[in-house]
Every structure is written in C-alpha cells, then in structure tokens.
Amino acid sequence: MAEGDSIARLAARLHAATAGRTIVAGTFRHPRLALADLTGQRIEAWLPRGKHLLMRTSAGLTLHSHLRMSGSWSVLGPGKRLPRSVEARVLLRLDDGRTLAGVALPVLDLVRTRDEARVVGHLGPDLLADDFDADRAARRLRAEPDTAAVAALLDQRRVAGLGNLWAGELCFLHRVEPWRAIGTVDVGPLLDDARARLREAVAGNPRQVTTGDPRRPHWVYGRARRPCYRCGTPVSFRPAARPPHGRETWWCPGCQR
C-alpha cells in the first residue's frame with residue numbers, strides 16, 4: 001500500500017502535469033459516479049492528505065481517491081490508450097489531448113471542496129502537512145495507551161501518513177518492540193523522526209531507504225528470518241492474520257525489547 005510520502009510525490013507529479021488544464025470529456029466507471037460530469041472544469045490542484053489523494057476543480061468539486069494496494073494514476077499522451085485488460089475507473093481527456101487515467105481505484109468519491117471533511121476529516125495530523133501539530137499527534141497516539149505501538153502508528157485516525165514499511169522501520173530505529181503498549185513509548189522523538197524521514201523520502205529518497213545503504217535498504221521490513229544488520233539476531237515475522245491490527249509485522253527480538 002502506498003505510504004504518505006509516495007502519495008505526496010504522486011500528487012506533486014500530477015499537479016505539475018495537469019494543474020491548469022481543462023477537462024473536455026470524461027468517463028467514470030464506478031457505480032456511485034457513473035453520471036458524474038467534470039466537462040469544462042479546470043484542474044486547480046492535486047493535494048495529498050495522509051495516504052489519500054484530492055483533485056480540486058474550478059467548479060468547487062474535489063475528486064477523492066485512495067490507492068490501497070491496487071490503484072494508480074497516470075497521464076497518457078495524445079492518442080495513447082490503456083490496454084483493454086486494465087481496469088480504468090476514471091478517464092478524463094484534457095484540452096491538450098492528453099488523458100488522465102485512474103486505474104483500479106478501490107476508493108473514489110466526488111464531493112464539494114467545502115465538504116472534503118466527509119472523506120478525510122477522520123484523519124489524524126498529517127506528518128507531511130506544513131501545519132503538522134506534533135503535540136496533537138502525540139495525544140492522539142496515546143489516546144488508547146494499551147494499544148500495540150505498531151498498531152497505533154498505523155491507525156490513520158491517530159496520525160496520518162505511515163504505512164507498514166515506515167511503522168516497522170521506525171519501531172526498529174527507536175528500539176520499540178512492536179507489541180509494546182504505545183502509552184509506554186516516548187512518542188515525541190519518534191514523531192519528529194517520522195516527519196523528517198517522510199520529508200526526506202519525498203525530496204529524494206523514493207526507495208524509502210532507512211539504513212543509509214541502498215544495497216540493503218531496510219532494517220527489518222521484508223527480512224523475515226534473515227540476520228539483523230545491527231546484532232545478527234534473525235528477524236522475526238508475523239503474517240497479517242496473526243497480529244490484531246491485521247498487518248504483516250517484522251522486528252528484531254534482539255534490538256527491540
């Protein structure tokens with residue numbers, strides 16, 4: 001699943017490619033939006049909100065999407081088409097002949113821009129937002145102090161932008177055992193580090209390298225049963241079906257106690 005930094009980079013690319021262009025024709029292949037028509041509207045901006053993506057138009061509408069595991073957005077050159085096997089949910093032809101394509105989007109909504117809170121108002125403070133409130137994020141993380149640390153970090157209602165990779169790597173970097181109660185964790189430094197690392201990833205670390213070495217990019221993520229780079233202990237792993245938060249989890253039992 002795309003994490004907050006990946007969505008921020010995508011929003012920046014789409015904004016640079018399409019902001020200011022006018023939609024001249026469009027098709028929505030989605031039950032709720034089958035009759036939606038954005039013809040004549042200008043694309044004003046693409047904005048990330050945690051792991052959510054917002055496209056605002058000149059008519060005061062916002063197209064909201066969430067990629068989850070399958071979705072993607074791309075801009076096709078004039079005359080280009082997607083393969084027939086591709087599940088296009090949104091096709092918006094622009095006034096320069098290009099087409100904005102949303103593929104296999106599991107979440108898609110069209111709301112008035114003033115009503116964006118309907119689709120993203122549940123999110124906690126966004127780690128990549130200019131107005132990120134670290135104190136508020138810390139309070140929300142600790143709101144249920146017995147929650148496992150990794151589950152709290154992944155709960156977008158508490159703090160927005162972290163996915164499985166970043167949550168697991170941050171727990172390792174701060175020597176926090178994933179199942180440790182979040183109420184016992186000093187979350188201030190962890191949040192500061194999370195914000196810094198996500199901003200670095202947006203600026204120039206698209207592979208989300210956490211070790212400093214692109215040849216071995218991650219400390220524990222995806223490294224089940226392989227030796228820890230720091231202490232040599234085999235990295236532990238629990239499949240998604242076992243942890244209460246329903247996500248795959250990696251950690252080093254030697255470094256994270």
Side-chain angles (χ1 to χ4, degrees), residues 1-9 48-52 66-69 122-129 132-134 136-202 205-212 216-224 226 228-230 235-257:
M1 184 181 295
E3 311 213 10
D5 54 306
S6 300
I7 296 300
R9 287 196 306 274
R49 290 291 182 268
K51 296 192 281 186
H52 297 247
H66 193 300
L67 307 188
R68 290 191 179 166
M69 299 295 292
H122 64 287
L123 298 175
D126 186 343
L127 283 159
L128 286 171
F132 175 69
D133 187 334
R136 180 167 168 259
R139 288 195 299 273
R140 292 182 76 128
L141 275 178
R142 295 195 189 102
E144 296 178 27
D146 292 335
T147 302
V150 69
L153 292 171
L154 287 169
D155 187 343
Q156 303 300 297
R157 299 168 300 177
R158 303 184 189 218
V159 60
L162 296 176
N164 222 21
L165 184 152
W166 284 117
E169 292 292 288
L170 285 162
C171 281
F172 175 86
L173 289 161
H174 290 260
R175 296 182 179 271
V176 174
E177 201 261 353
W179 323 115
R180 179 177 163 186
I182 192 66
T184 67
V185 176
D186 185 359
V187 298
L190 192 152
L191 285 170
D192 289 344
D193 190 23
R195 179 167 165 80
R197 287 178 182 275
L198 262 66
R199 295 180 76 169
E200 178 202 20
V202 172
N205 181 21
R207 289 186 60 201
Q208 301 167 316
V209 175
T210 58
T211 61
R216 50 181 199 180
H218 305 127
W219 291 103
V220 291
Y221 182 79
R223 300 194 65 248
R226 298 171 67 183
C228 172
Y229 292 134
R230 183 180 284 163
V235 171
S236 292
F237 171 73
R238 286 187 188 174
R242 291 184 59 194
H245 61 291
R247 302 292 294 276
E248 294 179 330
T249 306
W250 295 263
W251 77 100
C252 172
C255 295
Q256 296 169 256
R257 297 182 179 179

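What you see is a predicted model, and the numbers here were worked out from it, not measured in a lab.
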SB check Asp155 Arg158 (cutoff 4.0 Å): yes
Residues Glu169 and Arg197 bridged, charged N to O under 4.0 Å: no
Regarding [X] and the six-membered ring of [Y], is the cationic atom NZ or CZ under 6.0 Å from the ring centre and inside 45° of its axis?
| X | Y | value |
| --- | --- | --- |
| Arg230 | Trp219 | yes |
| Arg238 | Trp250 | no |
| Arg223 | Tyr229 | yes |

Determine the minimum heavy-atom distance between [X] and [Y], stating which atoms define it.
| X | Y | answer |
| --- | --- | --- |
| Gly124 | Ala160 | O-CB, 3.7 Å |
| His218 | Gln208 | NE2-O, 3.1 Å |
| Asp193 | Leu170 | OD2-CD2, 3.8 Å |
| Ala129 | Arg195 | O-NH1, 2.9 Å |
| Thr211 | Arg216 | OG1-O, 2.6 Å |
| Ile7 | His52 | CG2-O, 3.4 Å |

Separation between [atom1] of [X] and [atom2] of [Y], rounded to the nearest 0.5 Å:
| X | Y | atom1 | atom2 | result |
| --- | --- | --- | --- | --- |
| Thr210 | Leu165 | OG1 | CG | 7.0 Å |
| Glu248 | Phe237 | CD | CZ | 4.0 Å |
| Leu128 | Arg49 | CG | CZ | 11.0 Å |

Backbone N/O of [Y] and side chain of [X]: donor-acceptor pair under 3.5 Å:
| X | Y | answer |
| --- | --- | --- |
| Glu144 | Arg142 | no |
| Asp126 | Gly50 | yes |
| Arg180 | Thr184 | yes |
| His174 | Val176 | no |
| Arg9 | Ala201 | yes |

Identify which one of [options] satisfies the side-chain contact (heavy atoms from CB on, under 4.5 Å) criterion when paired with [X].
| X | options | value |
| --- | --- | --- |
| Thr249 | Pro178, Cys171, Ser236 | Pro178 |
| Leu153 | Val187, Leu190, Asn164 | Leu190 |
| Trp251 | Trp179, Tyr221, Phe172 | Trp179 |

Verdict with supporting geometry, Lys51 and Gln156, side chain to side chain contact (heavy atoms under 4.5 Å, CB included): CA-CA 9 Å; Lys51 296 192 281 186; Gln156 303 300 297; 3.6 Å; yes
Contact check, side chains of Arg247 and Val150, non-hydrogen atoms, under 4.5 Å: no
Close side-chain approach of Asp5 to Leu127, heavy-atom, < 4.5 Å: no
Whether over 12 other heavy atoms sit under 6.0 Å from Arg199 CZ: no
